[in-house]
Every structure is written in C-alpha cells, then in structure tokens.
*Asks:* 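Sending over a structure as structure tokens; questions will come in a sec.
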Amino acid sequence: MAEHQRIHPVDVEAPSQAAAPLVPPGLSRSDKGDPTAVAGQYPPYRRTIPVSHSRPPKRRRSCCCKCLCWTILTIIILILLVAATLGILYLIFNPKLPKYSVDRLAVSAFTVDSNLTAHASFDVTVTAENPNKKIGIYYEGGSQLSVWYSGFSLCEGVFPEFYQGHRNTTVLTVVMTGEAQLGSTEMAALQQQQTTGMVPLDFKGDVPVRVKLGSLKLWKVTSRVRCNLVVDSLTANNRIQIRSSSCKFRLKL
C-alpha cells in the first residue's frame, strides 16, 4: 500500500510574512549617498523646492522725463536767444534813461478851513529830457501826478500825451488841484515849517510810455518818477522858491 501523502493544513487568513519595505512609510524617495545617514537607519526626509531667479526689469526713460528734458532745453535756448537779441539791440541803440526834474512850483491857491481841510492848486513845471540818439518816447494816456505833504495828497494832475524825439528836452507846466484832510499835528508842523522857510514836499508821477527803436514801437511800460522837494512857502500868489530837488526814475514793467 502506497504511502499516504501527508497533507498539512494552511491558514489562508494568516498574514504572510512580507519583505521589509525598501522605503519607510511617509517618505516619497530615498536619499542615497547622504553623508548624514547613519548605518542601519533611514536617512531624514528632505524636500527640494525649486527656486526661480527673475531678471531685474530694464530701466527705461519715461515719456514724462523726456518731455521735461526737452522743455528745459527749449527754455534755455529761448533765454539765450532773447539775451543775444537784447545784447545786439543794446550795442546798436546804446539806450540811456531819460531825465526828469521839477523846476518850478507856483501856488495859485492854498487855504485851510475850520475843519483843517487844505484846498490846494499848484502849477508844476516839469522838464523831461531824452538823451538818446536813436530812441524816441511816446507819453501815453492814463498818467497820474500828485504832490504830497507828510503822507497827505494835496493835489493831483495828468501828464500830457506827446511824442518826444531823439535828443529832445521838453518843458511842461501841469495844473494840479485837490484837497486833503489834515490833522492838528500836521497843521501845526506846516505853520512852523513855513516860518522857517523849509517845507518838505513829495512829487510822484506814474506815466505810461512806449519806447520807439528806429521804426519799431515796443510794448507799454510805466515811467515812475519820485522827487523830494523843499520849498520856502506854500502861500498863495507868492513866488515860491524850490530850495532843493532830488528825483529818482525807474521803469515799471
């Protein structure tokens, strides 16, 4: 009788012994050749993050910067052209400032009433001299002339309109009238100054003028004259003597 085969039962539900995993759970890859790895241990997990290097933006000049540079350059060129033109005109015409003086002051009326209001009427003789060879002067409308005492405007007038040619001297008499409310202090000082024969006055004149260079008539400017006068009296119908006169002139653009 043949030898019966021995059959050994096998538990199919018993887990079979599996081989050890090559990579421990939780790790996505193995680090081979890591110098920090220890024999018999798994190397620590290292996660590599890619780094991207962006290029710095190129520096560009904006349109605003270019416009600003062109504007500044244009202004500089215009200034140089104007300066060159003025220099050429100066050499050609050799301009000189006109001269003005107050030569005579006649008081046709000067009274002070009980309210200390002074009523004045002056005849002022003004000399205007144009020393230029190639420059003429147009005196235009809108002028203002006045005579002041201690900050009070005594009378006002208007400079006549006319054209003054080259190297011309013109003598004009301007009638000026007005009134001023004086204080008791100013009235007492005026009486004292008339006794000593030293009465200070201020003459002010603002006259619009146009300068003519050859055949070219320039824009309008204001000729401003300021004169400090000292007269011996303000008595009406009396010969008034100007003891001193000092005038300053400038152009107001």
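Here the structure is a predicted model, which is why all the values come from computation and not from measurement.
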*Asks:* For the residue pair Thr117 and Asn115, confirm or rule out a side-chain donor-acceptor distance under 3.5 Å.
*Replies:* no
*Asks:* If the plane angle is over 60° it's perpendicular, under 30° parallel, otherwise tilted; pick one for Tyr139 and Tyr100.
*Replies:* perpendicular
*Asks:* Show which side-chain atoms of residues 74-90 pair as donor or acceptor with protein atoms under 3.5 Å away, not counting sequence neighbours.
*Replies:*
unit_1, atom_1, unit_2, atom_2, d
Thr74, OG1, Trp70, O, 2.7
Thr85, OG1, Leu81, O, 2.8

*Asks:* Taking it one step at a time, do Leu105 and Phe203 satisfy side-chain contact (heavy atoms from CB on, under 4.5 Å)?
*Replies:* CA-CA 11 Å; Leu105 176 64; Phe203 175 82; over 6 Å; no
*Asks:* Give every residue pair that meets the disulfide bond (SG atoms under 2.5 Å apart) criterion with at least one member in residues 156-250, sequence neighbours excluded.
*Replies:* Cys227-Cys247
*Asks:* Assess whether side-chain contact (heavy atoms from CB on, under 4.5 Å) is satisfied between Lys220 and Arg210, documenting all intermediate values.
*Replies:* CA-CA 5 Å; Lys220 183 187 297 185; Arg210 288 183 184 270; 3.9 Å; yes
*Asks:* Between atom OG1 of Thr170 and atom CG of Asn130, what is the distance when rounded to the nearest 0.5 Å?
*Replies:* 8.5 Å
*Asks:* Count the heavy atoms belonging to other residues, nucleotides or ligands that lie under 6.0 Å from CZ of Arg226, then report whether that count exceeds 12.
*Replies:* yes
*Asks:* Does Lys99, at its NZ atom, have more than 12 non-hydrogen atoms belonging to other residues, nucleotides or ligands within less than 6.0 Å?
*Replies:* no
*Asks:* Out of curiosity, Glu179 CD to Glu156 CD, how far, rounded to the nearest 0.5 Å?
*Replies:* 11.0 Å
*Asks:* Hey, does the side chain of Arg243 reach the backbone of Gly197 with a donor-acceptor pair shorter than 3.5 angstrom?
*Replies:* yes
*Asks:* What residues form a salt bridge (charged side-chain N to carboxylate O under 4.0 Å, His left out) with Arg224, not counting sequence neighbours?
*Replies:* Asp206
*Asks:* Given Leu234 and Phe122, is the side-chain contact (heavy atoms from CB on, under 4.5 Å) satisfied, shown in steps?
*Replies:* CA-CA 10 Å; Leu234 289 181; Phe122 295 170; 4.1 Å; yes
